[in-house]
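This report refers to the structure that appears directly beneath it.
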Amino acid sequence: MKDKKDIKLKIFETAFEMYLENPTQFSVRNVAKELKLSREQVYTHFTSKKAILRYFYQLCFEEYINQTNEIDRYSEFTLEEKLGHLVYTHIELFQKEKEFVESTFNEIIFKANANNLFQKSLEKQVEIILDTSEGDASILPKKYLAMILVKELFHIFKFWIKDDSEKSEDTIELIDKIIAFLGEILSNQIITKGIDLGRTLWGQNHTGLAPNDLKFLFNSFFNRFA
Amino acid sequence: MKSLPEGALIRSGRFAKAGMSTGGNYLRHYLGNSLPIKNLHQDKRTLNRKNAVSIFKELSQLRGLPLKLAQGMSMDTGLLPIEFLEVMSSAQYSVSPMNRALVRTQFKRNFSEYPENIFQTFDYDAFAAATIGQVHHATNSNGVRLAVKVQYPNVRKSINSDLKLLYIFGKQFFKGKNFEKYLDEVRETLLEETDYLNEGLNIQKFRNIISSKEIIIPEYQESTSNEQVLTMTFLEGDHLDQMLKKEPDQNIKNNYGQIMWNFFHENINSSNNTFHADVHPGNFLFCEGGKLGVIDFGCIKIFPDQFIKSCLRLVQKHLNGSHQEFQKELECLGFIKNVSDLSAKEEKIEKLFSNLAIILGSIYDKSVFDFGNKKFREDLNILLRNAMEIREVRGSEQFIFFNRITFGLMSILMKLEAKIETSEARGIILNADC
Ligand SMILES: Nc1ncnc2c1ncn2[C@@H]1O[C@H](COP(=O)(O)OP(=O)(O)OP(=O)(O)O)[C@@H](O)[C@H]1O
């Protein structure tokens, strides 16, 4: 079992480096050749060329889980802190390979089939976070809410990719505000922090933000009171 | 509501609140356009003061900043109308602290490590709020207690946009165009304060300048500091209010007051013209053994030689009782326009300064001055209220800080009701070479 994982990792690492060096050189054939494997052997670990690259994101997610387990009193974190931790940690990990994320995220994650492992893992994790935290998230079923939040998270990642502020300060601020805002929505106190968020979004020109998913969230929210 | 238009997020959240506090008209007004600042520009004449203030309150991003501006500017002889002050200092301005996840990532991004890997212990719950950040307890590997100040994300941008707002709202209250110049000075200082490395250097600088054994200054910890995180040793002591609650003896209060008084007058005497320019009670700790802890060196001001000299000349002229020369100095400093031909308004301003000189001069009249003196306090209050009415910005922008220092010191000494030996200070001023 461990062996299998090792080979998988080897394949990924080789592919990753190949891709960084020259994306056009990167192919399953070349990766297999480099590792002295057959293409079929590679395909037993990954379903496609893109899947190999996508494994990067899965590894980040796993690292995030590891780091979470190392936090002393993680269980005492509030809903907002847990969500914040999830987003910040991914950004920190992405930061190390920003070029790679820049060139791949849109293609292999954002536009990809929502059934990919990374997206599913995130959704599952967000669902767990929603489940284990207090607060009334009863507007929508948790599972559905988790899907929406992960999609929103992807928009944040896209925002971060374009963010050229120093140390990505704009993104960090945005995350803080969005999460505070979500926290409020989830506990039905929409008005208190919305103002700050609105200002941040406005200040940042809200490129790619306020997507349909959130619109939907707001609609559901407002319909409850309309 | 059928469906929300584009930018729903912005409108629903922000304007729900702005609408609530300023009434339906504004809500309608803003819903038409997603760029509120533009609107404010266009319609500024129709905005009445109350609404302007409450919108500023809503839109201002840094909770601490308006309060700080208010504190500072109110001391600057009434640069802010009373309504601004009230709104800004209201309790609603308390900051919502950075949560643990955010503090963690601020460290990680700045030091590539989480706080628990940098310090022996680190308390994620901040023990104090700062204007643009929050302060945490920590200990280093030697068990030394530390205070770690962590900055909020994106503070520089917020300062710029907040000041833009303040400028828009403030313009209508001040006739003199100088208002912009003053705000620029404030902006520059605030931006300087966002660089914690700079504050670290200031701490070291002051440790070198201050020779008094009665003053304690924290030790800067360079290896765990950068632009957004400032680590220094923790000073154990009470804030002014806490100390006064313990009802200390008069001589204890006199002692603290005297240390503070000397601290500022020594600055005059030294050749480096360097002043701690953020004189408010939060920045002083009353420590064991009658020592005074000075913290927060984010704002120190190095005045130009010329400026210090002309201020000293003004005070000298007054203390020597030569009123005509005093007036001349006022003219030189740009406070009054033409001494030989005073209009009613200029006369009012001249009177204001003469009165100020008389009140402040009385401190030096006898060898001991009692800051508990009720009449002194009342006179000063009346004077400041009169100054408020003028609402015009005059003189060098250095005066923002000069006033902040002077009135900050006065107000602390009055709270202490300290009796202060002033003859030495009088000597310093009269003998100063200017
Ligand atoms: N070295 C220290 N030892 C003990 N307490 C400290 C120390 N540094 C800061 N504090 C506490 O944190 C508070 C805020 O710190 P500081 O004054 O440096 O922040 P600031 O942002 O400059 O605030 P302001 O400009 O409003 O004074 C202080 O009032 C004090 O209670």
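Heavy-atom basis, side chains included; hydrogens, waters and symmetry copies ignored. In what follows, chains are A, B, ... by sequence order, proteins preceding strands, each numbered from 1. For clarity, every value in this text was computed on a predicted model and none was experimentally measured.
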Locate the shortest heavy-atom distance separating [X] from [Y]; write the atom from each residue and the value.
X       : Y       : answer
T78(A)  : R100(B) : N-NH2, 4.1 Å
A101(B) : E81(A)  : CB-O, 3.2 Å
E169(A) : N154(B) : OE1-N, 2.5 Å

Item to check | Side chain, backbone, both or neither of I71(A) within contact of chain B (heavy atoms, under 4.5 Å) | outcome: side chain
Item to check | chain B contact via E76(A) - side chain, backbone, both or neither, heavy atoms under 4.5 Å | outcome: both
Next on the checklist: With a 4.5 Å cut-off on side-chain heavy atoms, are R109(B) and I172(A) touching?
Outcome noted: yes
Spatial distance of atom [atom1] ([X]) from atom [atom2] ([Y]) [nearest 0.5 Å]:
X       : Y       : atom1 : atom2 : value
T105(B) : I175(A) : OG1   : CD1   : 7.5 Å
E166(A) : E227(B) : CD    : CD    : 7.0 Å
Y114(B) : T89(A)  : OH    : OG1   : 4.5 Å
N99(B)  : I179(A) : CG    : CD1   : 7.5 Å
E70(A)  : N117(B) : CD    : CG    : 8.5 Å
D176(A) : Q106(B) : CG    : CD    : 9.0 Å

Checklist entry - Counting heavy atoms not belonging to K10(A), are there more than 12 under 6.0 Å from its NZ? => result no
Checklist outcome for this item: Turns out that what part of Q228(B) lies under 4.5 Å from chain A's heavy atoms comes down to side chain
Checklist entry - Is chain A contacted by the side chain of Y124(B), its backbone, both, or neither, given a heavy-atom distance below 4.5 Å? => result neither
